[in-house]
Amino acid sequence: MKRRKVMALAAATALSIGIFPHFANAVSDREIQEKRDAINAIRSKQSAVQNKINNADQQIQKLQTQQKTLSSEIDKLDLAVEETSGKIRSLSADIQKTKQDVETLKREIAEIQERIEKRNEILKERVRSLQESGGVISYLEVLLGSQSFSDFIDRISAVTTIFEADKQIIREQQADKALKEKKEKELTDKLNSLQADLKELEQLKQKLNEQINQKNQLMANLKQKEQEHHEMKMALAEEQELLRKQEAAVKYQLQQLMEKKRAEEAAKRRVVAGHTYSSSSSSSSGSGSNDTYSGGSSSSRGASNVPPVASGAFMRPANGPITSGFGYRSFGGGEFHPGIDIGKRGAVVPVVAAADGYVFRSYLSSSYGNVIFITHVINGQVYTTVYAHLEARLVGEGQAVRKGQVIGYMGNTGRSTGPHLHFELHRGQWNPAKSNAVNPLDYINF
């Protein structure tokens with residue numbers, strides 16, 4: 001009895017394998033665990049990206065605080081420059097007034113000079129008169145030639161007056177010369193002093209302007225750094241969005257695997273329980289997630305240019321020559337090219353999915369242009385393919401696609417220098433550093 005039960009169970013198991021050939025490729029616990037591990041890895045990356053975003057926010061706030069401090073310093077310098085400029089204007093007005101005073105002084109000096117010259121003539125005439133008359137003797141002769149005592153007194157008074165007049169002329173002459181020299185020196189000193197002050201203030205203003213230029217340059221550098229941090233934050237936000245989409249895609253795949261596993265286990269239970277062959281066959285036709293991939297594989301537009309579905313894990317995504325390979329380029333500063341470029345040969349060139357997968361990102365990027373990201377799970381390994389610079393996208397986010405299905409058309413959108421398809425293949429999740437990028441030529445026979 002026991003032997004018959006064992007034989008029945010073995011026959012049922014064999015029957016189940018014969019009826020459900022896909023049981024040979026049944027979903028394993030390892031595949032499910034791999035999906036869960038992939039989700040945890042994506043979440044870990046999301047956490048790391050969020051930390052980077054938080055750090056970028058802190059750097060931006062720090063730079064903004066530094067800008068405020070510098071702005072306050074620049075305002076103080078502006079006030080100092082304004083004050084210095086006011087002093088320069090005041091000194092300039094003083095210098096202008098001094099120059100006018102100098103002009104007035106020149107006229108006064110000219111008048112004094114004219115008086116001095118006239119006195120010189122009088123003195124010269126007196127000297128000549130003295131020389132001709134014998135000097136002091138002529139005065140004696142005048143006195144001795146008086147006719148009376150009264151006349152003598154009158155003559156003494158006249159001589160004394162003449163003599164005092166000569167002395168007065170000399171004193172006035174000396175006073176005018178001293179006054180002239182004093183005024184000239186005073187105004188010259190004042191003008192020199194003002195000009196020295198003006199030169200000093202102009203140097204101070206130049207120094208302050210240089211400081212302002214330095215501060216403005218530093219402010220420009222800080223603003224540039226802030227802009228760079230904003231751009232980095234935007235890139236991180238885009239990466240975060242991609243990771244979120246990837247997590248959703250892997251969750252969807254995990255759900256499909258678990259549903260498929262439950263269906264397989266239910267089918268096995270039905271076989272073991274003694275269900276008929278026909279009911280088992282009916283159950284078999286209703287299970288399996290790959291049925292959603294059945295149907296046409298191309299659009300009528302450019303259908304003749306669709307590459308044929310090839311064997312292997314991946315197929316070529318579009319027809320056309322490879323115009324740029326994977327790796328570091330010999331031009332453009334030797335930058336790293338994380339994929340291959342396929343040139344456009346024809347008015348309409350369809351782009352197809354390189355393998356069965358799930359579209360987790362389909363949007364217009366500033367760099368990639370119209371771009372589609374597809375996640376694939378092949379033999380338990382997660383892969384990501386990227387199709388960039390498309391003219392148009394035919395699939396949206398959350399859509400399952402099959403190998404060879406037309407997903408868009410080759411174009412020239414984004415940062416592209418000509419019509420082509422930029423195709424990337426990543427062993428694992430996509431990331432901005434492209435650290436998971438692999439050479440598509442190692443996986444696809446072109």
**Student:** To the nearest 0.5 Å, tell me how far Asn40 CG sits from Gln33 CD.
**Tutor:** 8.0 Å
**Student:** Less than 4.5 Å apart, any side-chain heavy atom of Lys261 and any of Asp29?
**Tutor:** yes
**Student:** Given Ile342, which of Ser324, Pro317, Pro440 fulfils the side chain to side chain contact (heavy atoms under 4.5 Å, CB included) condition?
**Tutor:**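 Single side chain to side chain contact (heavy atoms under 4.5 Å, CB included) partner of Ile342 among Ser324, Pro317, Pro440: Pro317.
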**Student:** Test your reading of the model: is there a side-chain donor-acceptor pair from Asn213 to the backbone of Asn209, 3.5 Å cut-off?
**Tutor:**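 Yes; judged by distance alone, with no hydrogens or angles, the pair exists.
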**Student:** Compare all side-chain heavy atoms of Tyr409 with those of Leu421 and state whether any distance is below 4.5 angstrom.
**Tutor:**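 SC-SC contact between Tyr409 and Leu421 ruled out.
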**Student:** Determine whether Glu391 and Asn370 satisfy the following criterion, side chain to side chain contact (heavy atoms under 4.5 Å, CB included), listing intermediate values before the conclusion.
**Tutor:** CA-CA 7 Å; Glu391 174 189 295; Asn370 278 315; over 6 Å; no
**Student:** Determine whether Thr384 and His376 make a side-chain contact, defined as any pair of heavy atoms from C-beta on separated by less than 4.5 Å.
**Tutor:**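 No - every pair of side-chain heavy atoms lies 4.5 Å or more apart.
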**Student:** Would you please name every residue forming a side chain to side chain donor-acceptor pair (under 3.5 Å) with Ser367, sequence neighbours left out?
**Tutor:** Ser365
**Student:** For a side chain to side chain contact (heavy atoms under 4.5 Å, CB included) check, start with the C-alpha distance between Tyr328 and Glu335, then their side-chain angles and the critical distance, and finish with the verdict.
**Tutor:** CA-CA 6 Å; Tyr328 287 96; Glu335 65 177 3; over 6 Å; no
**Student:** Would you indicate whether the side-chain heavy atoms of Gln100 and Gln96 approach each other to under 4.5 Å?
**Tutor:**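 Yes; the side chains approach each other to less than 4.5 Å.
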**Student:** State which residue, out of Glu424, His422, His389, fulfils the side chain to side chain donor-acceptor pair (under 3.5 Å) condition with Tyr368.
**Tutor:**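 One option only clears the test, and that one is Glu424.
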**Student:** Do Phe360 and Glu397 have side chains that approach each other closer than 4.5 Å (heavy atoms only, starting at C-beta)?
**Tutor:** no
**Student:** Between His420 (side chain) and Asn412 (backbone), is there a donor-acceptor pair under 3.5 Å?
**Tutor:**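 Between the backbone of Asn412 and the side chain of His420 there is no qualifying donor-acceptor contact (under 3.5 Å).
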**Student:** Less than 4.5 Å apart, side chain to side chain, heavy atoms only: is that true for Val371 and Tyr387?
**Tutor:** no
**Student:** With no hydrogens and no angle check, just 3.5 Å: does a side-chain donor-acceptor pair link Glu202 and Gln206?
**Tutor:**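 Note: Glu202 and Gln206 side chains miss the donor-acceptor criterion.
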**Student:** Tell me whether Thr413 contacts the main-chain N or O of Leu390 through its side chain, where contact means a donor paired with an acceptor under 3.5 Å.
**Tutor:** yes
**Student:** Which heavy atom in Ser92 sits nearest to a heavy atom in Leu198, and how many Å separate them?
**Tutor:**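 Heavy atoms only, the tightest pair is OG-CD1, 4.2 Å.
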**Student:** Using the six-membered ring wherever Trp is involved, compare the ring planes of Trp430 and Phe373 and label them parallel, tilted or perpendicular (cut-offs 30° and 60°).
**Tutor:** perpendicular
**Student:** Any side-chain heavy atom of Ile407 sitting closer than 4.5 Å to one from Ile374?
**Tutor:** yes
**Student:** How long is the gap from CZ on Arg262 to CE on Met258, to the nearest 0.5 Å?
**Tutor:**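 So the CZ of Arg262 and the CE of Met258 are separated by 5.5 Å.
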**Student:** Taking Glu111 first and then Arg107, would you say they form a salt bridge - that is, a charged N and a carboxylate O separated by under 4.0 Å?
**Tutor:**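 Looking at Arg107 together with Glu111, the answer is no, because their closest N to O distance does not fall below 4.0 Å.
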**Student:** Measure up the Phe326 and Phe336 rings against each other and bin them: parallel (under 30°), tilted (30 to 60°), perpendicular (over 60°).
**Tutor:** perpendicular
**Student:** Looking at every heavy atom in both Gly418 and Ser416, which two are closest together, and how far apart are they?
**Tutor:** O-OG, 2.7 Å
**Student:** Can you name the nearest heavy-atom pair linking Asn319 to Val349, along with the distance?
**Tutor:**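 It is O-CG1, 3.7 Å.
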**Student:** State, yes or no, whether a side-chain contact exists between Gln405 and Gln399 at a heavy-atom distance under 4.5 Å.
**Tutor:**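 Yes. Closest side-chain heavy atoms under 4.5 Å.
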**Student:** Quick one: does Lys344's side chain have a donor or acceptor within less than 3.5 Å of a partner on Ala347's backbone?
**Tutor:** yes
**Student:** Work out which heavy atom in Ala437 is nearest to a heavy atom in Pro338; give both atom names and the distance.
**Tutor:** CB-O, 3.7 Å
**Student:** More than 12 non-hydrogen atoms from neighbouring residues, nucleotides or ligands closer than 6.0 Å to CD on Glu103, yes or no?
**Tutor:**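 Yes - once you tally the heavy atoms of other residues, nucleotides and ligands closer than 6.0 Å, there are more than 12.
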**Student:** If I take atom CD1 from residue Ile372 and atom CZ from residue Arg393, how far apart are they, to the nearest 0.5 angstrom?
**Tutor:** 7.0 Å
**Student:** How far does CG of Leu441 sit from CZ of Arg316, to the nearest 0.5 angstrom?
**Tutor:**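 Answer for the CG-CZ pair, Leu441 versus Arg316, is 10.0 Å.
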**Student:** Which pair of heavy atoms, one from Pro350 and one from Ala318, lies closest together, and at what distance?
**Tutor:**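 Shortest heavy-atom separation between Pro350 and Ala318 comes out as O-CB, 3.7 Å.
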**Student:** Could you go step by step and tell me if Val382 and Thr375 meet the side chain to side chain contact (heavy atoms under 4.5 Å, CB included) rule?
**Tutor:** CA-CA 7 Å; Val382 176; Thr375 184; 3.8 Å; yes
**Student:** For residues Ala313 and Ala355, report the shortest heavy-atom separation together with the two atoms involved.
**Tutor:**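 That would be O-CB, 3.4 Å.
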**Student:** Determine the sole option in Asn431, Asn436, Val438 for which the side chain to side chain contact (heavy atoms under 4.5 Å, CB included) test with His426 is passed.
**Tutor:**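 Among Asn431, Asn436, Val438, the one that satisfies the side chain to side chain contact (heavy atoms under 4.5 Å, CB included) with His426 is Asn436.
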**Student:** Gln61 vs Asp57, test: side chain to side chain donor-acceptor pair (under 3.5 Å). Steps then yes/no.
**Tutor:** CA-CA 6 Å; Gln61 291 177 358; Asp57 284 334; over 6 Å; no
**Student:** For the backbone of Lys403 and the side chain of Asp356, can you confirm whether one donor and one acceptor N or O come within less than 3.5 Å of each other?
**Tutor:**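 Answer holds: yes.
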**Student:** Working to the nearest 0.5 Å, report the span between CD of Gln58 and NZ of Lys62.
**Tutor:**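 Output value for this atom pair is 10.0 Å.
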**Student:** What is the distance from atom OG1 of Thr385 to atom OH of Tyr443, rounded to the nearest 0.5 Å?
**Tutor:** 13.0 Å
